[in-house]
Amino acid sequence: MTLKLGVIGTGAIGQEHIRRCNNVLQGARVVAVSDINVEGARAALQRLNIDAEVYENGHQVINSPDVDAVLVTSWDPTHEEFTLAAIKAGKPVFCEKPLAMSADGCRRIVDAEIAHGKRLVQVGFMRPYDAGYRALKKVIADGEIGEPLMLHCAHRNQSVGENYTTDMAITNTLIHELDVLRWLTEDDYKTVQVVFPRVTSKSHANLKDPQIVLFETQKGIRIDVEIFVNCAYGYDIQCEVVGEEGIAKLPEPSAIQTRKNACLGTPLLTDWKDRFTDAYDVELQAFINDVKSGQLTGPSAWDGFAASVAADACLKAQNSGAIEPVTMPPRPAFYAK
């Protein structure tokens with residue numbers, strides 16, 4: 001069976017997902033799309049050489065009898081609306097992060113999914129599908145370094161635009177760490193504090209950059225995450241786990257080492273899409289396979305809610321400078337692993 005997909009939002013990530021679903025992955029094809037810019041959606045399909053129906057809004061995509069499952073890649077504030085609509089229609093939905101603009105919005109999705117009685121939602125957190133993170137988790141799970149005590153992490157972008165603000169370091173950037181570090185440690189956050197070092201001259205008036213976010217988990221693990229979105233030198237993701245008996249570090253992306261002009265060099269990536277291309281492929285192939293088998297296994301609406309709860313606490317900590325609690329309710333049995 002070929003899974004027929006509808007994509008809501010044909011911007012950069014939407015076009016990437018349309019391309020991979022039709023040209024790279026197996027068992028699915030995009031049959032319907034929508035975008036607030038209808039002509040832009042048509043032009044995107046033409047560039048991708050893909051034949052699909054273009055609708056004026058996402059609800060038409062969701063309710064189309066030709067669509068089996070939905071990908072939500074539209075403007076962030078629309079994610080909650082379209083995800084709830086997909087649940088109401090009884091259709092599996094892959095929603096890019098954030099699941100909603102607030103923890104309350106995520107909770108509404110969680111409650112709607114529980115009321116439906118079956119998992120329909122997967123959140124677009126791709127890092128648990130990255131080969132490096134999977135290898136790192138295996139080292140931890142196998143007990144090779146003993147119990148984790150500390151994590152040292154960094155999320156660095158070469159540069160960001162003038163519209164990127166201090167809070168977006170949490171909601172658009174750290175949000176990936178908020179998910180993947182819970183997954184790595186199998187633990188929830190207890191407290192968070194945000195510290196602002198000296199601001200880089202490459203920033204602007206509405207952005208304090210870099211930032212350091214300090215977490216304590218329920219088990220007592222200490223985590224520091226450096227967010228530096230104008231680091232200038234490239235796109236760089238780091239994660240080091242310090243255990244009782246050793247240290248494990250996220251591997252660097254594969255790159256050719258050169259010796260030239262009296263220098264030993266290894267090129268660095270500059271684009272997040274290049275760094276996690278394979279992870280996106282694995283992630284969406286897993287979603288397609290799970291939908292066809294009738295059971296979703298990827299990052300859940302509860303994971304999206306947990307990340308949002310932590311993000312809200314981080315935003316509060318940005319403003320207060322204090323150590324703020326991260327208050328998570330008990331995990332519903334519906335999302336039991």
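Because the structure is a prediction, the values reported are computed rather than measured.
The nearest pair of heavy atoms linking Arg134 to Trp183 is CA-CH2, 4.1 Å. Looking at every heavy atom in both residues, Leu45 comes nearest to Ala52 through CD1-O, 3.7 Å. Across Glu80 and Ala100, no two heavy atoms sit closer than the pair CB-CB, 3.9 Å. The two atoms that bring Glu113 and Ala301 nearest to each other are OE1-CB, 3.5 Å, heavy atoms only.
Under the 4.0 Å criterion applied to side-chain N and carboxylate O atoms, Arg182 and Glu177 are not assigned as salt-bridge partners. Salt bridge present: Arg156 and Glu226 bring a charged side-chain N and a carboxylate O closer than 4.0 Å.
If you check the side chains of Thr297 and Asp290, you find a donor sitting under 3.5 Å from an acceptor. Residues Thr217 and Asp187 have side chains that bring a donor and an acceptor to within less than 3.5 angstrom of each other. In this structure, a donor-acceptor pair under 3.5 Å is absent between the side chains of Ser102 and Asp104. Using modelled atom types, one finds a donor on one side chain and an acceptor on the other under 3.5 Å when comparing Glu324 with Ser320. With no hydrogens or angles considered, no side-chain donor-acceptor pair links Gln285 and Asp281 at under 3.5 Å.
Aromatic pair His17/Tyr280: centroids less than 6.0 angstrom apart. The distance between the ring centers of His204 and Tyr164 does not fall below 6.0 angstrom.
Annotation for Arg19: atom CZ counts as buried by contact number, over 12 foreign heavy atoms lying within 6.0 Å.
Taking 4.5 Å as the limit, every side-chain heavy atom of Trp75 sits out of range of all side-chain heavy atoms of Ile36. In this structure, the side chains of Ser34 and Val61 come closer than 4.5 Å at one or more pairs of heavy atoms.
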Start with the C-alpha distance between Asp312 and Lys316, add both sets of side-chain angles, then the distance that settles salt bridge (Lys or Arg N to Asp or Glu O under 4.0 Å), and finish with yes or no. CA-CA 6 Å; Asp312 285 354; Lys316 187 175 181 181; over 6 Å; no
Test side chain to side chain donor-acceptor pair (under 3.5 Å) applied to Arg119 and Tyr335, step by step: CA-CA 9 Å; Arg119 269 202 61 186; Tyr335 295 103; over 6 Å; no
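For the pair Arg275 and Tyr235, the cation-pi test (distance below 6.0 Å, angle within 45°) is failed.
At least one donor-acceptor pair closer than 3.5 Å links the side chain of Asp130 to the backbone N or O of Gly132.
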Report, one line per pair, each donor and acceptor closer than 3.5 Å where one atom sits in a side chain of residues 238-249; sequence neighbours left out.
from, atom 1, to, atom 2, distance (Å)
Gln238, NE2, Asp236, OD1, 2.7
Gln238, NE2, Glu252, OE2, 2.9
Glu244, OE1, Glu147, N, 3.3

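Listed by chain and residue number, nothing satisfies the ring-ring contact (aromatic ring centres under 6.0 Å, His included) test with Phe276 (two or more places apart in sequence, or in another chain).
Follow the hydrophobic side-chain contacts under 4.5 Å out from Met101 and you never reach Ile170; the two are in separate clusters.
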